[in-house]
> 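Below is a structure I'd like to ask you about.
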2 protein chains.
Amino acid sequence: MATETLTTERILEATEEVLRRHGPAKANVVDVARALGVSHGSVYRHFGTKAQLREAVTKRWLDRTTNELQLLMTDGSLTAPAMLRQWLATLFAAKRRKAGDDPQLFATYQVLISENSRVVELHVGELIMQLDHIIQDGITKGQFSLPHPDPALTARAVFDATNRFHDPAYAGEWQKAGIDEEFRALTDLVLRGLNS
Amino acid sequence: MATETLTTERILEATEEVLRRHGPAKANVVDVARALGVSHGSVYRHFGTKAQLREAVTKRWLDRTTNELQLLMTDGSLTAPAMLRQWLATLFAAKRRKAGDDPQLFATYQVLISENSRVVELHVGELIMQLDHIIQDGITKGQFSLPHPDPALTARAVFDATNRFHDPAYAGEWQKAGIDEEFRALTDLVLRGLNS
DNA sequence: CAGATGACAGATTTCAATATCTGTCATCTG
DNA sequence: CAGATGACAGATATTGAAATCTGTCATCTG
């Protein structure tokens with residue numbers, strides 16, 4: 001059993017599985033070790049504390065979304081406004097899918113997120129950098145026009161404005177009837193605000 | 001002692017005081033009754049359950065903000081864009097003041113709010129109706145121009161867009177350096193989106 | 001007799017004992 | 001000797017018995 005070498009990656013996979021099975025309150029390091037067929041001491045060789053292990057799992061989960069969006073940004077065929085629309089729609093769709101497909105697992109990650117605000121801040125920072133990139137590109141190409149261009153501040157404003165459609169705290173409203181219409185109204189408002 | 005008649009209003013005041021003193025977890029109906037110099041049975045004559053009493057306290061607290069904003073809306077000297085700016089700034093200032101002046105009491109009300117989502121929904125509905133009124137007024141006077149005017153949906157979008165500056169969940173960020181600049185960037189974006 | 005009271009039953013919370021988990025480290029093993 | 005182990009101490013969580021609180025209602029009182 002467990003003849004493969006014990007890697008950080010394998011521990012993260014096992015931890016995710018244990019979290020899925022037992023939930024955030026009951027998931028413990030001994031179970032993770034058992035799932036890997038090793039002693040819990042070995043897990044501590046890779047992660048100094050349980051908190052650090054959970055932080056790494058949280059980061060991995062958030063990074064999946066960042067990567068999906070990053071991929072989209074390499075599409076050169078889109079104008080900046082189209083790219084921004086697509087980016088916002090993809091972010092909303094990804095979050096809504098996660099929340100809708102497996103509500104229990106989503107609730108687990110909401111707990112992890114609340115435990116790891118530092119990781120979330122970094123994640124938010126990455127997303128806003130992606131927005132910054134799109135906005136800067138749009139200004140350069142004359143596809144956005146702002147009275148006092150400040151891409152960083154505008155990126156933050158766009159992120160804030162769309163909060164209801166990406167902050168997990170609002171996940172309960174994402175299944176509501178009329179939500180797509182409300183999402184469209186908000187993105188329209190934001191895109192008009194960028195004068196595009 | 002307590003020669004005045006026992007009114008709903010006096011019970012609400014006493015409950016607020018007990019909540020302030022003991023916090024949401026420890027505040028109980030017997031303490032409210034004691035504060036009023038009556039038996040707890042008398043309190044149950046006015047409010048069927050403890051939950052209903054707390055709901056009424058929550059509604060009263062939220063209504064104070066609604067009323068402050070409603071007052072502002074009677075000012076006929078403002079254009080719709082100026083009114084909207086003022087409305088958003090007043091809402092943010094009111095919330096930030098509540099959160100900053102007495103963080104413990106604010107935390108208490110955050111608990112009450114999480115217990116009474118129905119009351120919060122009604123409150124949000126009232127705020128969006130105020131926004132709807134401003135937007136409709138602005139469209140009529142030609143101070144806002146929208147491609148497909150739908151004031152109700154636009155009001156919702158404006159409310160959603162400014163979430164970070166009125167949803168108590170974000171209260172922790174309201175003291176952060178640079179928050180005013182971010183608020184200005186967001187309101188500028190929204191107002192440009194209304195083409196004003 | 002309208003409105004207040006407080007004893008009471010059932011629901012909920014508190015608290016302290018018990019059990020489980022985290023993180024360390026001396027020891028083991030391939 | 002690099003990496004794994006598991007016994008252990010201190011920290012954290014669980015549990016169930018005792019204390020408190022909620023909501024009712026028969027009784028009281030001005």
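Values below: all heavy atoms of this structure, side chains included; hydrogens, waters and symmetry mates excluded. Not measured: the values here are computed from a predicted model. Here is how names work: the chains are called A, B, and so on, in the same order as the sequence lines, proteins then strands, and each is numbered from 1.
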> Check whether any side-chain nitrogen or oxygen of S39(B) sits under 4.0 Å from OP1 or OP2 of dA4(C), and answer yes or no.
no
> Round to the nearest Å and state the distance from F47(A) atom CZ to dT24(C) atom P.
15 Å
> From C-beta outward on T49(A), which listed nucleotide comes closest to its side chain: dG23(C), dG23(D), dC21(C)?
dG23(C)
> Which nucleotide in the set dA4(C), dA4(D), dG23(C) lies at the smallest distance from any side-chain heavy atom of S42(B)?
dA4(C)
> Checking salt bridge (charged side-chain N to carboxylate O under 4.0 Å, His left out) for the pair E16(A)/R64(A): CA distance, chi angles, key distance, verdict?
CA-CA 14 Å; E16(A) 221 173 39; R64(A) 276 186 213 132; 2.7 Å; yes
> Between atom NZ in K26(B) and atom C1' in dT14(C), what is the gap in whole Å?
9 Å
> Going by the angle between their ring planes, with limits at 30° and 60°, are Y109(B) and W61(B) parallel, tilted or perpendicular?
parallel
> What is the ring orientation for F183(B) with F165(B), classed by angle as parallel under 30°, tilted 30 to 60°, or perpendicular over 60°?
perpendicular
> Would you mind reading off the distance between L6(B) atom CG and dA4(C) atom C1', rounded to a whole angstrom?
9 Å
> With a 3.5 Å distance limit and no angle check, can you tell me whether W174(B) reaches the backbone of H166(B) through a side-chain donor-acceptor pair?
no
> Return the nearest nucleotide to the side chain of R45(A); candidates are dA4(C), dT5(D), dA4(D).
dA4(D)
> Measure from the side chain of Y44(B), starting at C-beta and using heavy atoms only, and say which of dT22(C), dG23(D), dG3(D) lies closest.
dG23(D)
> What nucleotide among dA4(D), dT14(C), dT22(C) has an atom nearest to a side-chain atom of K50(A)?
dT22(C)
> Only pairs with both distances under 3.5 Å count, Watson-Crick or wobble alike; so what is the partner of dT29(D) in this structure?
dA2(C)
> Whole angstrom is fine here: how far is it from CZ in R10(A) over to C1' in dG3(D)?
15 Å
> For L36(A) and dG3(D), give me the distance from atom CG to atom C1', rounded to whole Å.
15 Å
> For L53(B) and dT22(D), give me the distance from atom CG to atom P, rounded to whole Å.
10 Å
> Are T108(B) and R20(B) packed together at the side-chain level, in the sense that at least one heavy-atom pair is separated by less than 4.5 angstrom?
no
> Return the nucleotide paired to dT20(C): Watson-Crick means purine N1 to pyrimidine N3 with N6-O4 or O6-N4, wobble means G-U with N1-O2 and O6-N3, both under 3.5 Å.
dA11(D)
> Just the rounded figure in Å: distance from C1' of dA19(D) to CG of N28(B).
13 Å
> Scan V30(A) against the nucleic acid and name what it touches under 4.0 Å (heavy atoms): base, sugar-phosphate only, or nothing.
base
> What is the separation between atom CZ on R54(A) and atom P on dG23(C), rounded to the nearest whole Å?
11 Å
> Between H46(A) and H40(A), just flag the one whose closest nucleotide in DNA chain D comes earlier from the 5' side.
H46(A)
